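Any value given below was found using the heavy atoms of this structure, including those in side chains, with hydrogens, waters and symmetry copies removed. Just so we're clear, the structure is a prediction, and the values are computed from it rather than from any experiment.
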Amino acid sequence: MRFHVQHRWQGWDADGRLVFDTPEGARRVEAAASVLALGGASWPQLGSDGAWAPVLQARGVEVAPLVPSNCGFDIGWSGHFAQRHAGAPIKPVVAHWRDADGKEHALQGDAWLPRPA
Ligand SMILES: Cc1cc2nc3c(=O)[nH]c(=O)nc-3n(C[C@H](O)[C@H](O)[C@H](O)COP(=O)(O)OP(=O)(O)OC[C@H]3O[C@@H](n4cnc5c(N)ncnc54)[C@H](O)[C@@H]3O)c2cc1C
């Protein structure tokens, strides 16, 4: 994998190439397939500004309204709990895990209880 930092995707040109704004000017890239992982719109300071939505909409792609969301955790909640709280934020949550070297970690944040499919 190669990372190209300071490349801001702007959309496609008339020939279907991806167009990026870079410190060296516009860069065009031909790609057989593209995965867009551009986040939502709640953290514009770090680039997640949702500016991609109108670009896709202009090409006929249906985009659901952006809403705040946490990461969903599907860990076998009880039926009662899932039914009562599906779609609700769970906070605060402290996740504990052990890495490959056996070192313990803990991190506090929020989670989200997914709605049943
Ligand atoms: C203050 C705050 C606290 C949060 N706390 C929690 C929490 O405790 N628990 C939780 O589960 N979730 C939390 N969230 C939500 C969580 O951060 C997001 O749901 C998650 O980061 C989304 O991941 P993502 O990979 O989809 O997008 P992002 O992490 O937003 O990544 C998208 C990336 O795409 C880049 N990008 C966007 N547009 C372009 C473009 N045109 N060209 C090039 N690059 C582009 C952005 O710079 C960014 O690096 C929080 C969010 C905020 C703002």
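Residues satisfying the side chain to side chain donor-acceptor pair (under 3.5 Å) criterion with Asp13, sequence neighbours excluded, are Arg17, Arg28. For His7, the side chain to side chain donor-acceptor pair (under 3.5 Å) test picks out Arg27, with sequence neighbours left out. The side-chain contact (heavy atoms from CB on, under 4.5 Å) check on Val94 picks up His96, Ala106, Gln108, with sequence neighbours excluded. Judged as a side-chain contact (heavy atoms from CB on, under 4.5 Å), and not counting sequence neighbours, the contacts of Ala31 are Leu18, Ser34. Applying the ring-ring contact (aromatic ring centres under 6.0 Å, His included) criterion to Phe73, with sequence neighbours excluded, gives no partner residue. Residues that satisfy the salt bridge (charged side-chain N to carboxylate O under 4.0 Å, His left out) test with Glu104, not counting sequence neighbours, are Arg98. Remark: His105 engages Asp99 in a side chain to side chain donor-acceptor pair (under 3.5 Å) (not counting sequence neighbours). Qualifying side chain to side chain donor-acceptor pair (under 3.5 Å) partners for Asp15, counting only residues two or more places apart in sequence or in other chains: none.
The number of heavy-atom neighbours closer than 6.0 Å to NE2 of His80, taken from other residues, nucleotides and ligands shown, is 12 or below.
Applying the under-4.5 Å side-chain rule to Ile, Leu, Val, Met, Phe, Trp and Tyr, the cluster around Val5 consists of that residue alone. By the 4.5 Å side-chain criterion applied to Ile, Leu, Val, Met, Phe, Trp and Tyr, Leu107 is assigned to a cluster that also includes Trp97.
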Show me the donor-acceptor pairs within less than 3.5 Å that the side chains of residues 47-68 make with the rest of the protein, sequence neighbours left out.
unit_1, atom_1, unit_2, atom_2, d
Asp49, OD1, Arg8, NH2, 2.8
Asp49, OD1, Ala51, N, 3.0
Asp49, OD2, Arg8, NH2, 2.9
Trp52, NE1, Gly39, O, 3.1

Would you mind writing out the side-chain donor-acceptor pairs for residues 19-26 within the sub-3.5 Å range, not counting sequence neighbours?
unit_1, atom_1, unit_2, atom_2, d
Asp21, OD2, Gln10, NE2, 3.3
Thr22, OG1, Glu24, N, 3.0
Thr22, OG1, Gly25, N, 3.3
Thr22, OG1, Gly25, O, 2.7

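Residues Pro114 and Ala86 share a closest heavy-atom pair of O-CB, 4.0 Å.
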